[in-house]
J.: 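Just passing along the structure, written as structure tokens.
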Amino acid sequence: MLKLFNTLSGEKEIFTPLEDNKVKMYVCGVTVYDYCHIGHARSSIVFDTIRRYLKYKGFDVTFVKNFTDVDDKIIKRANEENKSINEITDFFIKAHDEDMDKLNILRPDYTPRATEYIDGMIKLCEKLIEKGFAYESNGDVYFKVRSFKDYGKLSKRDLDDLLAGARVDVNEIKEDPLDFALWKRSKEGEPGWNSPWGRGRPGWHIECSVMSAEILGIPFDIHGGGKDLIFPHHENEIAQSEAAEGKEFARYWIHNGFVNINKEKMSKSLGNFFTIRDVLKEVDPEVLRFFLLTTHYRSPLDFSFDNLLEAENALERIYTTIDELDSAVFNNKKPVQKAKIDEIIDRFRKDFVESMDDDFNTASAISNIFELIKEVNLLLSEKLNSEDLNYLKVRFEEVKSIIRDVLGILTKTPSEWFKMNLSIDEGELQKLIEEREIARRNKDFAKADAIRNELKSKGVELLDTPAGTKFRARRLRGG
RNA sequence: GGCGACGUGGCCGAGUGGUUAGGCAACGGUCUGCAAAAUCGUGUACCCCGGUUCAAUUCCGGGCGUCGCCUCCA
């Protein structure tokens, strides 16, 4: 039974979709004016994993993630670089897609761009004005926050407390300082679309209300995004959509925690961010994905390269076992272990599902993987007979594909994994390995060890196994 | 100021009213020509102070600390 934490109710709820086994899911994407940082990576990986798990549970998931492609920051960037808005947004959407592909994030079913839905936004503004929830003022359109009774229900805020916050925009044009813009008049040189209120452009919140409704219809099942979107973005989406349509907007609200640097939120405005590209210069994308999944999605996650490398070592433990299993040899003397194998595999499957059913607890699910790995290592050290070994391989493959499908890790073969950081020519390496083999056969251990040590200094570890010598390459890191 | 989250062993990080989380790192044993991997063992973890309870790291209250939202932000 899948439970998830719903920001709206503030507690874990049993998940039941609106329509039998169909799940409709909308996640707020990025504003495309720069490369994605690892905070974006976390959010994307979290919701990708949720989507994957829902699929694993047998739901038919429709997944929408938008691009905000009209916004002050995009305009600013375009002006700075003397480029058109479209050049900027096309470029960064492409970069975004490349980054997400590397992180093994499945492409959404729909990736709407705000500028493709301007008509719908204008219509929604008109509807809100008509119903008395919005008003035009000086070419802008504002939502009348106090006209919507439920305002604050998501972020648990009281309107008067909000006012006391003293950071609200003081704006002569608004009737009430709490009101927010649905539509903004375009200034000279800004992009704009013709509307009943003159040439203008949409406010930020309205795009998600329109795109989600047009693609999924409302209400839909799951709406997600980073914690920072709870207020005002999602609160405002709810106000717009529910005021206009007179019905519920989205049923389950899921928000991921931040990536921190030294305990502080990573953000563009603080300037303390690493882009996905920065990080992927140092580690394989799968390491970053794994690292981001080692913490529960709602908790803050402190990023550092040390922690990232620790995650790399942990992930390598899994690949090591897969490698050992692939190349394991049997001896027939041991009794049949089939029941034991079943027990280990079945227990893992049960534990893994329990972990994921509990609000997508990937940290716990990963610990289940390590429990499995330990059991498999123990079996391997007992040296199975050939039938058992084959059976273990088959059943392990089964759970490996569950892990791969749900968490999006273990996508490589062990030899790919251990080869990816190879800094020397593989032919050269094989020659040295052969040379060492001959030395070992001649009991010239001094020479054999010299070769081992030489390779070790280049990050290549040699392993003498019954099936011959193989190697594992690790990235050499300074310091 | 308002609202909210969090504080777990050297580090990362789950979780629970009483029974081993897991990983990384360290040290010792087994294995190995030497290694590597694996495995076994070791380290007496739950911010502080009260309260509830037979029993609290886990519940309640207070304190301290850290962080987030209230402004663009995943």
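In what follows, chains carry the letters A, B, and so on, assigned in the order in which the sequence lines appear, proteins first and then strands, with residues in each chain numbered from 1.
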J.: Could you check which of C69(B), G33(B), A14(B) has an atom nearest any side-chain atom of Ser364(A)?
T.: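 Nucleotide nearest to Ser364(A)'s side chain: A14(B).
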J.: For nucleotides U20(B) and G68(B), find the distance between their C1' atoms and express it as a whole number of Å.
T.: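 Those two atoms are separated by 35 Å.
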J.: Between the side chains of Tyr151(A) and Asn236(A), does any donor sit under 3.5 Å from an acceptor?
T.: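 Side-chain D/A pair, Tyr151(A) to Asn236(A): present.
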J.: Tell me: CH2 of Trp253(A) to P of G4(B), nearest whole Å?
T.: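 Going from CH2 in Trp253(A) over to P in G4(B) covers 20 Å.
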J.: Which of the following nucleotides, G33(B), A74(B), C72(B), is nearest to the side chain of Phe445(A)?
T.: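 The answer is G33(B).
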J.: Side chain of Glu371(A), heavy atoms from C-beta onward: which of G22(B), A35(B), C11(B) has the nearest atom to it?
T.: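 Among G22(B), A35(B), C11(B), the one nearest the side chain of Glu371(A) is G22(B).
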J.: Distance check needed: G22(B) P versus Leu293(A) CG, whole Å only.
T.: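 My rounded result for the distance is 20 Å.
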J.: To the nearest Å, how far apart are Arg436(A) CZ and G33(B) P?
T.: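 Taking atom P of G33(B) as the reference, CZ of Arg436(A) is at 11 Å.
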J.: What is the distance, to the nearest angstrom, from the CD atom on Glu354(A) to the C1' atom on A21(B)?
T.: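 Computing the Glu354(A):CD to A21(B):C1' distance gives 14 Å.
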J.: Taking pairing as Watson-Crick or G-U wobble with both contacts under 3.5 Å, can you name the mate of G10(B), or confirm there isn't one?
T.: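 C24(B) - that is the nucleotide pairing with G10(B), both distances being under 3.5 Å.
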J.: Rounding to the closest angstrom, what is the interatomic distance between U57(B) and G17(B) at atom C1'?
T.: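 Nearest-Å result for U57(B) against G17(B) at atom C1': 10 Å.
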J.: Quick one: is C3(B) close enough that its OP1 or OP2 comes under 4.0 Å of any side-chain N or O from Lys153(A)?
T.: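 Lys153(A) to C3(B) OP1/OP2: no side-chain N or O under 4.0 Å.
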J.: So, under a plain 3.5 Å distance rule, would you say the side chain of Asp306(A) forms a donor-acceptor pair with the base of C11(B)?
T.: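 Looking at the base of C11(B), it does not pair with any donor or acceptor on the side chain of Asp306(A) (distance under 3.5 Å).
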J.: Would the base of A74(B) count as contacting Arg42(A) through its side chain, where contact means a donor and an acceptor less than 3.5 Å apart?
T.: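 It does not, because no donor-acceptor pair links the side chain of Arg42(A) to the base of A74(B) below 3.5 Å.
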J.: Do the side-chain N and O atoms of Ser137(A) and Glu175(A) include a donor-acceptor pair separated by under 3.5 angstrom?
T.: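 Per modelled atom types, Ser137(A) and Glu175(A) side chains form no pair under 3.5 Å.
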J.: Pairing check on U44(B): which nucleotide meets the Watson-Crick or G-U wobble criteria with it, both distances under 3.5 Å?
T.: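 With both distances under 3.5 Å required, U44(B) matches none.
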J.: Considering only the C1' atoms, how many Å lie between G13(B) and G50(B), rounded to the nearest integer?
T.: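 Per the computed distance, 30 Å lies between those C1' atoms.
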J.: Has Asn377(A) got a side-chain N or O lying under 4.0 Å from the OP1 or OP2 atom of U39(B)?
T.: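 Answer yes for this pair, as a side-chain N or O of Asn377(A) is under 4.0 Å from OP1 or OP2.
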J.: Please check if any side-chain donor atom of Lys470(A) sits under 3.5 Å from a side-chain acceptor atom of Ser327(A), or the reverse.
T.: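 Looking only at side-chain atoms, Ser327(A) and Lys470(A) do form a donor-acceptor pair, the distance falling under 3.5 Å.
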J.: Could you point out which residue of His234(A), His205(A), His223(A) forms a ring pair (Phe, Tyr, Trp, His ring centres under 6.0 Å) with Phe249(A)?
T.: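 That would be His223(A).
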J.: Quickly work out the Leu270(A) CG to C67(B) C1' distance and round it to whole Å.
T.: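 Value for this atom pair: 12 Å.
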J.: When you check the side-chain N and O atoms of Ser209(A) and Gln240(A), is any donor under 3.5 Å from an acceptor?
T.: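 Yes, a side-chain donor-acceptor pair sits under 3.5 Å.
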J.: In whole angstrom, what separates Asp161(A)'s CG from C3(B)'s P?
T.: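 In whole Å, C3(B) P lies 6 Å from Asp161(A) CG.
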J.: Taking only the side-chain heavy atoms of Ser269(A) (C-beta and beyond), determine which of C69(B), U39(B), C72(B) contains the nearest atom.
T.: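 For Ser269(A), the side-chain atoms sit closest to C72(B).
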J.: Return yes if the base of C72(B) and the side-chain atoms of Lys73(A) contain a donor-acceptor N/O pair under 3.5 Å, otherwise no.
T.: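 Yes.
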J.: Counting only side-chain heavy atoms from C-beta out, which of C11(B), A74(B), A37(B) sits nearest to Asn307(A)?
T.: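 Within the option list, the nearest is C11(B).
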J.: To the side chain of Arg452(A), which of C70(B), U39(B), C34(B) is closest?
T.: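 That would be C34(B).
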J.: Does any N or O donor sit under 3.5 Å from an N or O acceptor when you compare the side chain of Arg298(A) with the base of G13(B)?
T.: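 When only heavy-atom distances are counted, Arg298(A) does not reach the base of G13(B) through any donor-acceptor pair under 3.5 Å.
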J.: Considering only C70(B), G68(B), A36(B), which nucleotide approaches the side chain of Lys265(A) most closely?
T.: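 Side chain of Lys265(A) sits closest to G68(B).
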J.: Looking at A14(B), C12(B), U39(B), which one has an atom nearest to any side-chain atom of Glu310(A)?
T.: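 Looking only at heavy atoms from C-beta outward on Glu310(A), the closest nucleotide is C12(B).
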J.: Within this structure, what is the CG-to-P distance between Leu455(A) and A35(B), rounded to whole angstrom?
T.: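 About 17 Å, once rounded to whole Å.
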J.: Kindly say whether, by distance alone, the side chain of Arg317(A) makes a donor-acceptor pair under 3.5 Å with the base of C24(B)?
T.: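 For Arg317(A), whose side chain was compared with the base of C24(B), there is no donor-acceptor pair (under 3.5 Å).
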J.: Please name the nucleotide paired to G68(B) by Watson-Crick or G-U wobble geometry with both distances under 3.5 Å, or report none.
T.: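 Pair assignment: G68(B) / C3(B).
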J.: Taking atom types as they are modelled, would you say the side chain of Glu264(A) forms a donor-acceptor pair with the base of G68(B) within the 3.5 Å cutoff?
T.: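 Under the 3.5 Å cut-off, the side chain and the base do not form any donor-acceptor pair.
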J.: With rounding to the closest Å, how many angstrom separate the P atoms on G2(B) and G63(B)?
T.: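 Straight-line distance between the two P atoms is 13 Å.
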J.: Looking only at side chains, do Lys65(A) and Ser44(A) share a donor and an acceptor under 3.5 Å apart?
T.: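 Present: a donor and an acceptor within the cut-off.
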J.: How many whole angstroms separate atom CG of Leu378(A) from atom P of U39(B)?
T.: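 After rounding, the gap between these two atoms is 6 Å.
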J.: Nearest 0.5 Å, what's the CD-CD1 distance between Glu434(A) and Ile451(A)?
T.: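 It is 11.0 Å, given to the nearest 0.5 Å.
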J.: In whole angstrom, give me the gap between the P atoms of A37(B) and A5(B).
T.: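 Rounded to whole Å, the distance is 44 Å.
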J.: May I ask you to verify whether the side chain of Asp228(A) and the base of G68(B) hold a donor-acceptor pair under 3.5 Å?
T.: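 There is none.
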J.: Taking only side-chain N and O atoms of Lys156(A), does any of them lie within less than 4.0 angstrom of OP1 or OP2 on C70(B)?
T.: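 It does not, given that no N or O in the side chain of Lys156(A) lies less than 4.0 Å from OP1 or OP2 of C70(B).
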J.: Using the side-chain hydrogen bond (donor to acceptor under 3.5 Å, both in side chains) rule, pick out the option among Asp71(A), Asp72(A), Thr115(A) that qualifies with Arg201(A).
T.: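 Between Arg201(A) and the candidates, side-chain hydrogen bond (donor to acceptor under 3.5 Å, both in side chains) is satisfied uniquely by Asp72(A).
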J.: With a 4.0 Å cutoff (strictly under), does any side-chain N or O of Asn361(A) reach OP1 or OP2 of G15(B)?
T.: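 Yes.
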J.: Using the P atom in both, what is the distance from G41(B) to G23(B), to the nearest Å?
T.: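 That atom pair is separated by 12 Å.
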